S.K.: 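Pasting in a structure now, in structure tokens, and then I'll have a few things to ask.
Not measured: the values here are computed from a predicted model. Side-chain atoms are counted along with the backbone in the values below, which use heavy atoms only and exclude waters and symmetry mates. Every chain is numbered from 1, with letters handed out A, B, ... down the list of sequences.
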Amino acid sequence: GAGVSQTPSNKVTEKGKYVELRCDPISGHTALYWYRQSLGQGPEFLIYFQGTGAADDSGLPNDRFFAVRPEGSVSTLKIQRTERGDSAVYLCASSTRGAGELFFGEGSRLTVL
Amino acid sequence: GEDVEQSLFLSVREGDSSVINCTYTDSSSTYLYWYKQEPGAGLQLLTYIFSNMDMKQDQRLTVLLNKKDKHLSLRIADTQTGDSAIYFCAEGSGTYKYIFGTGTRLKVLA
């Protein structure tokens, strides 16, 4: 597609449930990032992929969060045993390399009740 | 650790200039960015400046960088109602990890 695509755009779930958020980056972009934006805050780094591998997952808050990018294109962010504090907009971005301009998707808004 | 700070709100009248300020702490920052976020939309890169530059102008946008004081500003000339959005300053040290500020909400009054 022309831009970074994220699905679902909105997800409401109950505390304790499992959630998957999907990101389809711009074709040809090797670098992919996940950020989390809480209400009234700027985006916070979660994880960075270069190709299929997670080059840096130091921003993941705990082991309930996991992300994969098995074929070096689409990525899935997985959250287990969701908590109310996980409610935020999860942003995906891609770039041609591991620096320079990031192209962001519109985000997936997660609400945990 | 690295930190990026911005004022939360700015209100200007249509046609006036807007100046959004940002301070950062990482002296090794190589690139400094301004992103715009409109309601319900993703972040859009407006402009960026290399750390070895003092100023960059791009149409209605002027970026000023004071590296000594670690201060970055974005000036929007002839501000329009369509400029109403949240503006984020971000720093990068040439690697993949960008540090974003909390954002400045710009409201343009007609």
S.K.: Quick check: is B:F50 connected to B:L45 through a chain of hydrophobic side chains (ILVMFWY, heavy atoms under 4.5 Å apart)?
M.R.: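 Hydrophobic grouping puts B:L45 with B:F50.
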S.K.: Are B:L109 and B:I76 connected into the same hydrophobic cluster when the rule is that any two of I, L, V, M, F, W, Y join if their side-chain heavy atoms are below 4.5 Å apart?
M.R.: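 No, it is not one cluster - the side chains of B:I76 and B:L109 are not joined through contacts under 4.5 Å.
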S.K.: If I measure from the heavy atoms of chain A, does B:F88 come under 4.5 Å with its side chain, its backbone, both, or neither?
M.R.: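 Side chain of B:F88 only, per the 4.5 Å heavy-atom cut-off to chain A.
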S.K.: Establish whether B:Y48 and B:L72 are linked, either directly or via other cluster members, by ILVMFWY side-chain heavy-atom contacts under 4.5 Å.
M.R.: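 As far as the 4.5 Å side-chain criterion goes, B:L72 and B:Y48 are connected within one cluster.
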S.K.: Going hydrophobic residue to hydrophobic residue with side-chain gaps under 4.5 angstrom, can you get from A:L102 over to B:Y31?
M.R.: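 Yes: a chain of side-chain contacts under 4.5 Å links A:L102 to B:Y31.
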S.K.: Could you check, using the six-membered ring where one of them is a Trp, whether B:F100 and A:F45 have ring centers closer than 6.0 angstrom?
M.R.: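 For B:F100 and A:F45, the ring centres are not under 6.0 Å apart.
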S.K.: Is the ring centre of A:F104 less than 6.0 Å from the ring centre of B:Y35?
M.R.: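 Yes, close enough.
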S.K.: Would A:V68 and A:V19 show up in the same hydrophobic cluster when neighbours are defined by side-chain heavy atoms closer than 4.5 Å?
M.R.: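 No, no single cluster joins them.
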S.K.: Which atoms of B:Q37 come close to chain A, meaning under 4.5 Å heavy atom to heavy atom: side chain ones, backbone ones, both, or neither?
M.R.: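 Just the side chain, heavy atoms under 4.5 Å.
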S.K.: Please classify the contact between A:S9 and chain B as side chain, backbone, both or neither, with a heavy-atom cut-off of under 4.5 Å.
M.R.: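 Nothing of A:S9, per the 4.5 Å heavy-atom cut-off to chain B.
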S.K.: Kindly check if the number of other-residue, nucleotide or ligand heavy atoms within 6.0 Å of NZ (B:K56) is above 12?
M.R.: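 Above 12, so yes.
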S.K.: To the nearest 0.5 Å, what is the distance between CG on B:L43 and CD on A:Q37?
M.R.: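 Spacing of CG (B:L43) from CD (A:Q37) equals 6.0 Å.
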S.K.: So for A:F103, is it side chain, backbone, both, or neither that comes closer than 4.5 Å to the heavy atoms of chain B?
M.R.: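 Interface part for A:F103: neither.
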S.K.: Is there a donor-acceptor pair closer than 3.5 Å between any side-chain N or O of A:Y35 and the backbone N or O of B:Y98?
M.R.: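 Side chain of A:Y35 to backbone of B:Y98, a donor-acceptor pair under 3.5 Å: yes, one is there.
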